[in-house]
**Student:** 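Got a structure for you, written out below as structure tokens; questions coming shortly.
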Amino acid sequence: MEIKKYFFKPHGDERGKLVALEQWNDIPFEIKRVYYIYGTKQSVRRGKHAHKKVKQMIICVHGKCKILLDDGKEQQIMMLDNPCEGLYIPEVMWREIYDFSPDAVLLVLASEVYSEDDYIRNYNDFLRYIHENNQFLGGE
Ligand code: T46
């Protein structure tokens, strides 16, 4: 599985740091939505779904957490703990986010506005969706 991490250059001076993100220059899609997650309890597992169309850039701007990515064939777990690093999540990727530190803040940039129809919330439906779309595209 190819996971793309982006490094965002911080503009630091004696006052502190600033990271600027521009559509297409830093983010590989048109940004239609921004949301952030904070105050998550450490025992909680967020996500546990995939998206049919939405692409996202996830940045842990404070604290840390782990993310499991699953493309239906392989799984990979990554630590998010660097405000200068963005994790790009393409469409049709199962994700679970967990082990949040109490101070964790996740900033998420998304390629589509919110729509519940875009969610695949059941893991077997996710596998079926991949299978059906591969067949449609002439894959395995
Ligand atoms: C993802 C992870 C990192 C909205 O009204 N608008 C929104 O844009 C979003 C994302 C959510 N909501 C509502 C829907 C639910 O009532 O906020 C509530 C919590 O959403 P959800 O259960 O989807 O939250 P997470 O943390 O499980 O997942 C979210 C994103 O949905 C998901 O795409 O990658 O954050």
Side-chain angles (χ1 to χ4, degrees):
M1 186 197 310
E2 196 195 331
I3 302 298
K4 272 198 187 165
K5 270 194 172 182
Y6 284 68
F7 184 76
F8 306 125
K9 191 169 176 286
H11 301 274
D13 58 28
E14 68 286 354
R15 297 170 298 172
K17 302 215 190 310
L18 181 155
V19 176
L21 304 175
E22 295 182 2
Q23 173 176 297
W24 300 123
N25 285 336
D26 305 287
I27 306 299
F29 51 78
E30 188 187 351
I31 302 162
K32 292 201 182 152
R33 179 166 49 113
V34 175
Y35 62 92
Y36 47 93
I37 295 171
Y38 63 97
T40 304
K41 297 198 173 73
Q42 204 200 356
S43 57
V44 163
R45 227 169 158 90
R46 305 197 70 116
K48 298 206 274 184
H49 58 246
H51 289 283
K52 296 173 194 159
K53 204 170 160 206
V54 171
K55 303 174 179 66
Q56 301 197 123
M57 184 72 79
I58 300 197
I59 305 152
C60 189
V61 293
H62 198 256
K64 59 184 177 181
C65 63
K66 288 184 190 143
I67 182 162
L68 175 149
L69 295 176
D70 181 334
D71 64 2
K73 286 184 185 157
E74 286 176 61
Q75 292 192 344
Q76 202 164 320
I77 292 171
M78 320 196 68
M79 177 71 94
L80 300 177
D81 58 359
N82 183 348
C84 297
E85 221 170 64
L87 181 65
Y88 173 67
I89 307 186
E91 61 274 56
V92 198
M93 179 76 75
W94 189 266
R95 84 284 316 265
E96 299 187 12
I97 308 133
Y98 60 102
D99 259 3
F100 286 83
S101 62
D103 56 350
V105 182
L106 280 189
L107 175 68
V108 186
L109 312 178
S111 66
E112 308 296 329
V113 297
Y114 177 72
S115 164
E116 186 55 38
D117 289 347
D118 190 66
Y119 282 73
I120 309 170
R121 292 199 181 271
N122 175 284
Y123 189 74
N124 287 331
D125 292 346
F126 165 66
L127 294 179
R128 201 171 307 120
Y129 185 86
I130 292 175
H131 183 66
E132 284 169 5
N133 281 278
N134 266 345
Q135 279 186 336
F136 181 69
L137 295 168
E140 318 158 44

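Every number for a ligand or one of its atoms is a count from 1 in the order of the listing. Note: hydrogens, waters and symmetry copies are ignored here, and every other heavy atom, side chains too, is used.
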**Student:** Would you call Asp81 and Lys64 a salt bridge, taking side-chain N to carboxylate O under 4.0 Å as the test?
**Tutor:** no

**Student:** What pairs with Asp13 under salt bridge (charged side-chain N to carboxylate O under 4.0 Å, His left out), at least two apart in sequence or on another chain?
**Tutor:**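 With neighbours one apart ignored, the set is Arg15.
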
**Student:** Mind checking what makes side chain to side chain donor-acceptor pair (under 3.5 Å) contact with Arg33, not counting sequence neighbours?
**Tutor:** none

**Student:** With a 6.0 Å cut-off on the ring centroids, do Tyr123 and Phe126 count as close?
**Tutor:** yes

**Student:** Check ligand 1 for close polar pairs with the protein: N or O on both sides, less than 3.5 Å.
**Tutor:**
unit_1	atom_1	unit_2	atom_2	d
ligand 1	8 (O)	Arg33	NH1	2.5
ligand 1	26 (O)	Arg46	NE	2.6
ligand 1	26 (O)	Arg46	NH2	3.2
ligand 1	27 (O)	Gly47	N	2.8
ligand 1	31 (O)	Tyr119	OH	2.5
ligand 1	33 (O)	Tyr35	OH	3.4
ligand 1	33 (O)	His49	NE2	3.3
ligand 1	33 (O)	His51	NE2	2.5
ligand 1	33 (O)	Gln56	NE2	3.3
ligand 1	34 (O)	Gln56	NE2	2.8
ligand 1	34 (O)	Arg95	NH1	2.7
ligand 1	35 (O)	Tyr35	OH	3.3

**Student:** Extract all donor-acceptor atom pairs below 3.5 Å that involve side chains of residues 105-112 and protein atoms in other chains or at least two apart in sequence.
**Tutor:**
unit_1	atom_1	unit_2	atom_2	d
Ser111	OG	Lys55	N	2.9
Ser111	OG	Lys55	O	3.4

**Student:** Looking only at side chains, do Glu22 and Trp24 share a donor and an acceptor under 3.5 Å apart?
**Tutor:**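 Judged by distance alone, the side chains do not pair up.
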
